[in-house]
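Model, not experiment: these values are computed from the prediction. In each ligand, atom 1 is the first atom listed, and ligand 1 is the first ligand listed. Excluded from the calculations below are hydrogen atoms, water molecules and symmetry mates; all remaining heavy atoms, backbone and side chain alike, are included.
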Amino acid sequence: MNYLSINEIDNLKLWVKEALALKKDPIKYQNLGKNKTIGLLFFNPSLRTRLSTQKAALNLGLNVIVMNFDKEGWALEFNDGTVMNQNKSEHVKEAAQVISQYCDIIAIRAFAKLENKAVDLSEEVLQNFVKYASVPVVNMESSVGHPLQALADAITLEENKPINKPKVVLTWAPHPKALPHAVANSFVEMMQKQDADFVITHPKGYELDQEITKNCTIEYNQEKAFENADFIYAKNWSAFTDYGKVISQDQKWQITADKMALTNKGKFMHCLPVRRNVVVADKVLESSNSLVIEQANNRTFSAQLVLKKILESLS
Ligand code: CP
């Protein structure tokens, strides 16, 4: 069993229920991973994913090896038949097979480079490890998705929803740098599995991949979208059509207390890290309606549930 996208989840309600049970008793399955090893390979920086996935693995009794592949590994070649006489020292074919000798599960973080849309959409790093590794692979944020984050968000929504069918708004927010679409993509895919009134709001030109947002309600007026919302999920992403470009940094899209006042005492969500007073005002982030720390806490139980299911599939 791999965990590559939120679409691996057959029944989100049941997965969330099981994750909440793990949260109540995190060390119940502390022998499940005994004498097994997970390798966490980071091609990009991380705080939450790195620590929460380690914590989840330790709760299950797994040994953990962490490698900052971008700084410590050989530069990898991904193309077939390349004459490797330039700056790439090792092919992913050998690397993935070798790591599979040391690890029972491989987890990978490899962001979109936002240089070549086709390469990013192919999830080059993740999918090549899936192809050549002989052990299960977990997506710790690929160029397309961040399914561990989306599962943690589903847990957080379940714990905090005021009604059975809440209004949830995913809003674009400004940012000085071009950011990938992975968090927004997986959040949309997760929301499509929820019983919710779901609205996406962003400036024109920031449409996400329409293959992912098909059937979603898009509202270009942010304030209108916020009306009566129970949850506001803020995230920046770069343009998808004009791929990887920052076409606006309009501070009018920042999440402020005035805008939150339009909601139904709405809770504020963000995956973190977040740029204060650019994406969201201090007052919102520090308010009692902010769920960002609980979202980060739930990353442990999201990862733990996924690793538990993989370990059970191995035995
Ligand atoms: N939300 C998230 O994935 O955080 P990190 O990038 O710090 O892992």
Original post:
For atom 3 (O) of ligand 1, what is the nearest protein heavy atom, given as residue, atom name and distance?
Top reply: H146 NE2, 2.8 Å

**OP:** Using distance alone, determine whether L47 and ligand 1 share an N or O pair under 3.5 Å.
**Re:** yes

Subject >> Under 3.5 Å: N/O of R50 near N/O of ligand 1 >> reply: no

Original post:
Would you say the side-chain atoms of Y3 pair up with the backbone N or O of P147, donor to acceptor, closer than 3.5 Å?
Top reply: yes

Original post:
Who's the nearest protein heavy-atom neighbour of atom 4 (O) of ligand 1, and how far?
Top reply: R48 NE, 2.9 Å

Original post:
Sub-3.5 Å donor-acceptor pair from the side chain of N236 to the main-chain atoms of P174, do we have one?
Top reply: no

Subject >> Element-labelled atoms of ligand 1 that are located less than 4.0 Å from some non-hydrogen atom of R299 >> reply: 1 (N), 2 (C), 3 (O)

Original post:
So is there a nitrogen or oxygen of C271 less than 3.5 Å from a nitrogen or oxygen in ligand 1?
Top reply: yes

Original post:
Could an N or O of ligand 1 be found under 3.5 Å from any N or O of E141, whether backbone or side chain?
Top reply: no

Original post:
Checking E18 side chain against L14 main chain: does a donor-acceptor pair fall under 3.5 Å?
Top reply: no

Original post:
Looking at H146 versus F111, is the centre-to-centre ring distance below 6.0 Å?
Top reply: no

Subject >> Any donor-acceptor pair under 3.5 Å from K113 side chain to V119 backbone >> reply: no

Subject >> Intermediate values then yes/no, ring-ring contact (aromatic ring centres under 6.0 Å, His included), H181 and Y243 >> reply: CA-CA 10 Å; H181 309 92; Y243 192 68; 5.8 Å; yes

Original post:
For L272, is at least one N or O under 3.5 Å away from an N or O on ligand 1?
Top reply: yes

Original post:
Against heavy atoms of Q149, which atoms of ligand 1 measure under 4.0 Å?
Top reply: 1 (N), 2 (C)

Original post:
Can you tell me the protein heavy atom closest to atom 6 (O) of ligand 1 and the distance?
Top reply: R109 NH1, 2.8 Å

Subject >> Donor + acceptor pair across side chains of E141, N44 (<3.5 Å) >> reply: no

